[in-house]
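Counting starts at 1 for both ligands and their atoms, in listed order.
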Amino acid sequence: MKKNQSIVIGNWKMNPQTLVEAKRIVTKTKTVARTLEHTLVVACPPFPFVSLVASKRNSGASGNRVHAGVQNAFFEEQGAYTGEVSTHMLADIGVEYVIVGHSERRARGETDVEVSKKVAAVTQSGMTAVLCVGETVRDAQGAYLNTLREQIKASLQAFPKRQLSQLIIAYEPVWAIGAKEAMTPVLVREMVIFVKKVISDTYGQEEALAVPVLYGGSVNFRNAADIMTEGHVDGFLVGRESVNVPGFIELIKVVDAVSAKK
Ligand code: 13P
């Protein structure tokens with residue numbers, strides 16, 4: 001990732017409820033995204049709306065548009081897996097990013113082993129895995145750091161160094177998701193350093209520094225600039241604000257302005 005480039009990924013979760021509204025969000029976001037020079041914007045809508053952003057023709061082209069992502073994919077290649085979607089299908093329609101291991105999926109039973117298989121499947125299909133990690137609670141003794149280290153290592157079990165360029169880490173402390181306030185920029189900075197250290201211990205320092213680390217958890221256009229500058233993040237994974245058009249547009253503009261000065 002270039003020095004003055006940032007990534008903002010919108011995780012729409014299970015929103016909005018109609019195709020008309022999804023189209024409105026995509027159209028308005030595109031209008032602004034195409035004017036930004038330092039920010040790569042990705043939208044991860046629910047599966048029924050993915051075709052609004054996914055296009056085979058555009059896939060791989062950089063900048064000036066909204067890139068296509070999804071919120072999950074299955075690790076098996078094909079076959080009798082009712083309700084699942086394969087990484088091959090997604091790559092085939094032009095999806096470039098897949099969120100893997102979001103805490104809302106882990107809370108419903110997704111294990112580190114499954115997450116690691118998904119990271120492998122996504123990258124082997126040529127897409128980028130947006131691996132979500134984060135502690136559930138912060139204890140005064142700092143045990144959460146060990147938990148986080150183990151979660152990162154287990155989620156990247158057997159993940160090869162040569163595919164690191166297809167990996168983004170989204171650090172999302174679970175307690176800050178859907179909350180009133182985001183984590184403070186100072187704490188974000190500490191945690192970004194910690195995540196990079198864990199990656200560096202496994203893959204080497206130079207490689208670790210090249211893996212983008214995003215922050216997620218109650219990010220909005222008001223707190224984005226401070227978290228970016230003081231938190232030293234490479235961008236954001238955004239929930240609620242990503243489907244709130246005026247807020248998201250303001251957010252990506254703020255990120256672009258800060259990135260331009262990086
Ligand atoms: P909020 O931005 O709504 O807190 O959600 C964060 C998140 O879970 C993004 O993946």
Is the closest side-chain heavy-atom distance between P46 and W12 below 4.5 Å?
yes
Check ion pair E21-R24 (N to O, under 4.0 angstrom):
yes
If you measure from each non-hydrogen atom of I177 to ligand 1, which part falls under 4.0 Å: side chain, backbone, both or neither?
both
For H88, does the NE2 atom have more than 12 heavy-atom neighbours from other residues, nucleotides or ligands under 6.0 Å away?
no
Could you check which of H102, Q71, K13 puts a non-hydrogen atom nearest to atom 10 (O) of ligand 1?
H102
In the hydrophobic clustering (ILVMFWY, side-chain contacts below 4.5 Å, transitive), which residues join Y81, or is it alone?
F74, F75
Has ligand 1 got any nitrogen or oxygen that is less than 3.5 angstrom from a nitrogen or oxygen of E104?
no
Tell me, please: is G178 in heavy-atom contact with ligand 1, that is, under 4.0 Å?
yes
Using a strict cut-off of 4.0 Å, indicate which atoms of ligand 1 neighbour a heavy atom of L237.
9 (C), 10 (O)
Close-contact set for ligand 1 against S218 heavy atoms, below 4.0 Å
1 (P), 2 (O), 4 (O)
Would you say the side chains of H102 and E110 form a donor-acceptor pair under 3.5 Å?
no
Is the closest heavy atom of E172 to ligand 1 under 4.0 Å?
yes
Side chain, backbone, both or neither: the part of E241 lying under 4.0 Å from ligand 1 by heavy atom:
neither
Is R65 paired with E96 through a side-chain N to carboxylate O contact shorter than 4.0 Å?
yes
Under 3.5 Å, is there a donor-acceptor pair linking the side chains of R34 and T29?
no
Atom indices of ligand 1 within 4.0 angstrom of N11 heavy atoms, with elements
9 (C), 10 (O)
Give me the nearest non-hydrogen protein atom to atom 2 (O) of ligand 1 as residue plus atom name, then the distance to 0.1 Å.
G239 N, 2.9 Å
Specify the protein heavy atom at minimum distance from atom 3 (O) of ligand 1: its residue, its atom name, and the distance to 0.1 Å.
R240 NE, 2.7 Å
More than 12 heavy atoms of other residues, nucleotides or ligands under 6.0 Å from CD of Q205: yes or no?
no
